[in-house]
Amino acid sequence: MNGKTRSFVMMLAAALLLGCAACGGAGAGEQADTVAVGEKFTAPYQVESGTMHFTVNRAEISDNMRQLGADPNSMAQYDNFVIRYDGNGTKRTLYYPDYVDLETGQLADGLAFVLVDITAENTDAVSNITGDGSGLFDSEYMFLPSAFYLCDLAQKDTKDGKELSTYMTMSEKWYSAQQEGYMYELPPGESKTFQIGFVVGRADGDYSSLCLTTASQVDKRALRSPDVVLVDLGLGACG
């Protein structure tokens, strides 16, 4: 898959999932669906119809990608950057491959790699990704591993030194079956286990506030929506 195709896929994913954070209709007392590692959940924004379940089997963290079995050379070389906040809350953007040693897998100071192992089970779901005439999406059962995000509920986004209403949310930077493409096919009645990886940065090294989520943006409104899923990864300190 070339760079233009991947960019199209990623923009499509963002368009499909952006509504997660902005969805209305969350009444008093409603809140996001919070689950733990090992518990099943659904991601309705990934399907046109039917049901698909996901389970986070485990989550691991390290300041070295290779230590968790991830090759930094298999990461995309375009649209690949990470954001790191220092102890004063100053945001710095680092671009691939400047933030990782491609030989050793060691990340730059203040960064960590989070590996999430996920099992997808398709009961009777049809994907909401429709064909674009290119032949890329011939199957009705093509899904995006990048449809999950990592949210830090202890870190707000900032712009021009001002704190925004949204929490820091990161997209995946590594996919275990990336050599097969940026999507996976999963017909009804079948299951698939895969891994996705995120690069995150906290000055204090405490990653206990990280959650896997189905929302590309998370704010207080999203946290009141029962359609948004938050998976408590149970991570702690790194480094």
Side-chain angles (χ1 to χ4, degrees), residues 10 13-14 17-23 26 31-37 41 43 45 56 58-65 68 70 72 75 79-96 98-100 106-116 118 145-174 196-225 227-239:
M10 302 311 292
L17 296 168
L18 187 59
C20 294
C23 56
Q31 59 183 5
D33 184 14
T34 301
V35 301
V37 171
F41 61 93
Y45 293 100
V56 172
R58 70 178 189 278
E60 302 174 275
I61 188 168
S62 174
D63 60 4
N64 189 297
M65 291 182 61
L68 297 183
M75 302 172 77
D79 298 332
N80 187 337
F81 62 90
V82 299
I83 294 175
R84 178 177 65 186
Y85 288 89
D86 63 22
N88 298 319
T90 302
K91 181 169 68 174
R92 182 184 177 192
T93 302
L94 302 173
Y95 292 87
Y96 177 86
D98 294 343
Y99 62 78
V100 60
Q106 185 66 36
L107 293 165
D109 290 345
L111 295 179
F113 183 72
V114 175
L115 182 73
V116 183
I118 301 174
S146 58
F148 294 105
Y149 300 84
L150 201 65
C151 179
D152 187 349
L153 294 178
Q155 178 68 66
K156 288 290 190 71
D157 283 315
T158 60
K159 183 178 181 180
D160 299 327
K162 297 181 180 179
E163 187 177 279
L164 303 179
S165 63
T166 53
Y167 293 93
M168 185 176 176
T169 307
M170 297 137 280
S171 59
E172 57 90 8
K173 295 291 184 291
W174 182 87
I196 52 177
F198 303 84
V199 179
V200 298
R202 284 188 62 89
D204 59 7
D206 182 4
Y207 295 93
S208 59
S209 55
L210 292 182
C211 292
L212 191 76
T213 180
T214 54
S216 58
Q217 290 184 358
V218 175
D219 57 14
K220 290 184 178 179
R221 186 179 183 184
L223 295 178
R224 293 194 299 268
S225 170
D227 293 326
V228 173
V229 176
L230 297 171
V231 183
D232 184 354
L233 298 180
L235 299 173
C238 178

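Bear in mind that the values here come from a model prediction, so they are computed numbers and not experimental data. FYI, the numbering just counts along the sequence from 1.
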Point to revise | Gap separating the CG atom of Asp152 from the CD1 atom of Ile83, nearest 0.5 angstrom | key: 12.0 Å
Practice item. Could you list the residues that satisfy salt bridge (Lys or Arg N to Asp or Glu O under 4.0 Å) with Asp157, not counting sequence neighbours? Key: none
Study note, to complete from the structure: When every non-hydrogen atom of Pro72 is compared with those of Ala70, the smallest separation belongs to CD-O, 3.4 Å
Check your understanding: At what distance, to the nearest 0.5 angstrom, does OG of Ser62 lie from CD of Gln106?
Key -> 7.0 Å
Point to revise | Residues in side-chain hydrogen bond (donor to acceptor under 3.5 Å, both in side chains) contact with Asp109, at least two apart in sequence or another chain | key: none
Exercise for review: Supply the atom-to-atom distance Ser209 OG to Asp204 CG, rounded to the nearest 0.5 angstrom.
Suggested key: 8.0 Å
Practice item. Search all heavy atoms of Tyr99 against all heavy atoms of Leu94 and return the closest pair with its distance. Key: CD2-O, 3.8 Å
Review point. Does a donor on one side chain sit under 3.5 Å from an acceptor on the other, for Ser208 and Asp206?
Key: yes
Check your understanding: Can you say whether the rings of Phe81 and Tyr95 are parallel (under 30°), tilted (30 to 60°) or perpendicular (over 60°)?
Key -> tilted
Review point. Pick one: which of Val199, Leu115, Ile196 meets side-chain contact (heavy atoms from CB on, under 4.5 Å) with Trp174?
Key: Leu115
Study note, to complete from the structure: Closest non-hydrogen atoms of Thr169 and Ala215, given as atom of the first, atom of the second and distance, are CG2-O, 3.9 Å
Revision key, fill the gap. In Val35, Leu212, Asp33, Thr213, the residue satisfying side-chain contact (heavy atoms from CB on, under 4.5 Å) with Leu230 is Thr213
**Study point:** Rounded distance [0.5 Å steps], CD in Gln155 versus CG in Leu210
**Key:** 10.5 Å
Practice item. Can you sort out the partners of Arg58 under salt bridge (Lys or Arg N to Asp or Glu O under 4.0 Å), two or more places apart, ordered by chain and number? Key: Glu60, Asp117
Check your understanding: If you look at every heavy atom in Tyr149 and Ser216, which pair is closest and at what distance?
Key -> CZ-CB, 3.6 Å
**Study point:** Flag for Thr166-Asp219: side-chain donor and acceptor within less than 3.5 Å
**Key:** no
**Study point:** Heavy-atom closest contact (Val56 atom, Val37 atom, distance)
**Key:** O-CG1, 3.2 Å
Study note, to complete from the structure: In terms of heavy-atom contacts, Asp232 and Cys211 come closest through CA-SG, 4.2 Å
Point to revise | Check: Lys156 main-chain N/O paired with Thr158 side-chain donor or acceptor under 3.5 Å | key: no
